[in-house]
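One structure below.
As the structure is a computational prediction, the values presented were derived from the model and not from experiment. Lettering of chains follows the sequences in order, A, B, ..., and the numbering in each one begins at 1.
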Amino acid sequence: MKRRNFVKRATLGSMASVIGADIVFGSVLPEGYKPLALQDPDPFKMFNKDTGMEVLNDKPWNIEAKAHLLDDKITPNKFMFIRNNGLIPENIDADKWTLEFDGESVAQKKTYTLAELKSKFPQYTYELTLECGGNGRSEFDPPAKGNQWTIGAVSCASWTGIRLKDVLEDVGIKDDAVYIGYHAADVHLSRDPGKEPISRGAPMAKALQEETLLAFKMNNEDIPIAHGYPLRLVAGGWPASVSGKWINRISIRNKVHDGTKMTGTAYRVPCNPVAPGEKVKDEDMCIIESMPVKSLITYPKSGAMINEGEKLDIRGHAWAGELEVERMEYSIDFGSTWQSCPIEKPSNRLAWQHFSASIDFPKKGYYEIWARATDSRGASQPMLLPGWNPKGYLNNACHRIAIKVT
Amino acid sequence: MQEHAKFKQQVKAIYRLMAGLFGLFIVAAIGILLLVSNPDWTRKKATEVESEYVAIPEVDDFDKIENGIHVRTGLIEADGLMTVVNNCTNCHSAKLVTQNRMNAERWIATIKWMQETQNLWDLGKNEEIIVNYLVTNYPAKKKGRREVLSNIEWYDLED
């Protein structure tokens, strides 16, 4: 019902953004009338998302999952969060799609068609964890600016594509290459063609990893449009903004890429820790690389009531950016005691790992189950919010669910 | 024999003509009867058809307020509402505004950032109106270092 209302309330502006043109005489459109191009602007239908997903923003589209929706080992499209900085490109023609390589450190400019990329290079499939750098932002105090993600801006799908490394070798890169920066077909919110909504990238070391893909399939099908059809980067374990969607150009840079949302405070945290609310100069902000260790209880959904004497089975996933999760624990007494539970090995590097446990409760009452993962370097999730930062990134505080034993 | 067949054909033609005329008469009679008994019959039907395609436009409704909420954007009705609608919902959704809770200083910094990087125009005197609207109607909430779990939907867990 709320969702329906929201759809009704969608502004002309957002209608225009979906249609791709301004609605002339928009101000005299009868209320409740939807232009033909938008007869069904229901985002859940438009993007094939489960109606349990939460729309944070409709221009640009930003939609997150909830913990219990992420129960699948491999996240299906219907439960995958959408994060956009600009407007989704229109009229995509995969047959004419090309990828250009340029930049200061490219041996020679080169352009491939999508078909060439698919046929010329070996293909690989990996399960890769993608988490928005701002996942968990809503918990920071003082609040941080931006989409107020709670816990659902994370996914682990199966991605198929070619290794960026193989293509870079074919293109030829100079010794002074430092960074790659992507460029894509999405449109700036202001519709200014001179502006890119986002153009981020990664240092050469990440670009050359075996799991860093130029992907054209997600869960063994064409990538859905909202997730970057027909070609995107997938760099698991790093802020998902590194994994550019709809990419059509990659610049090989002899310095840190300076595209939109690489500079200033975007996807950066203070190089040295600061007090909550403290002002930080741009030059004291450092680019986020690997995401921190984190976990989610995906079963049961928070709010479950069970009878006294019954065991409760829980399960979920844990991930640790570039690293692996080595230990998984849970607590039913607000961290007074922690119980270890089994954590599976990842199906490949950078895939999230699955845990499960069976819990006995000592007596009736209200409980919270807190989950805590520890990575291969010994870093654990904090129970409280981690270090405050101006843009509210990297909140990896323990996830918890509420349970009643009656 | 030939003449007999010709005669038969003529009779058939006359019969068909009579039958046709009779049919027309019946249709006309029903039409007249309906019109007499219900003079609005034809008109009503026409408007019914129309109403499937056209909602009567009411220009005022575009900025309709319901229960203190500007329906089109979801913004709270208060001083400065339309200034916010007209300046802050052209490029991005109002949901991006209402999700965020900041003090005046940080809203001003955000406006400056949008002007420097996102093609936002000079707001002039409207800047104060907008910032006042936002800090009054969407004040920052104290969350501390970790909030209690709230809005829990309790349910019986089935095995």
Inset, instruction - Dump the intermediate steps for salt bridge (charged side-chain N to carboxylate O under 4.0 Å, His left out) on B:Glu127 and B:Lys125, then the final yes or no. - result: CA-CA 5 Å; B:Glu127 179 168 309; B:Lys125 282 179 187 162; over 6 Å; no

Inset, instruction - Output, in order, the C-alpha distance, side-chain angles, deciding distance and verdict of side-chain contact (heavy atoms from CB on, under 4.5 Å) for B:Leu81 and B:Ile76. - result: CA-CA 7 Å; B:Leu81 167 69; B:Ile76 294 169; over 6 Å; no

Legend entry - A:Asn307 vs A:Val405, side-chain contact (heavy atoms from CB on, under 4.5 Å): CA-CA, chis, key distance, verdict: CA-CA 5 Å; A:Asn307 294 320; A:Val405 179; over 6 Å; no

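In this structure, no portion of A:Thr406 lies under 4.5 Å from any heavy atom of chain B. Proximity to chain A involves both the backbone and the side chain of B:Lys142, based on heavy atoms less than 4.5 angstrom apart. For B:Leu96, the parts lying under 4.5 angstrom from a heavy atom of chain A are both the backbone and the side chain. Heavy-atom distances place the backbone of A:Ile401, and not its side chain, under 4.5 Å from chain B. Looking at B:Thr117, only its backbone comes within 4.5 Å of chain A, counting heavy atoms on both sides. Contact of A:Ile306 with chain B is made through the side chain alone, with heavy-atom distances under 4.5 Å. Using a 4.5 Å cut-off between heavy atoms, B:Glu105 touches chain A through its side chain atoms alone. Of the atoms belonging to A:Pro390, it is backbone heavy atoms, and not side-chain ones, that fall under 4.5 Å from chain B.
No other option in B:Asn103, B:Thr110, B:Asn119 has as many heavy-atom pairs under 4.5 Å with chain A as B:Asn119. For chain B, the option among A:Lys404, A:Met383, A:Lys195, A:Glu368 with the highest count of heavy-atom pairs below 4.5 Å is A:Lys404.
Ring geometry for B:Trp154 against A:Tyr366 counts as perpendicular: the plane angle is over 60°, on a 0 to 90° scale with 30° as the lower cut. Between A:Phe334 and A:Trp370, the ring-plane angle classifies as perpendicular under the 30° and 60° cut-offs.
Between A:Glu139 and B:Lys143 there is no salt bridge, since no side-chain nitrogen of the basic residue lies less than 4.0 Å from a carboxylate oxygen of the acidic one. With respect to the salt-bridge test (charged N to carboxylate O, under 4.0 angstrom), the residues B:Arg72 and B:Asp63 qualify.
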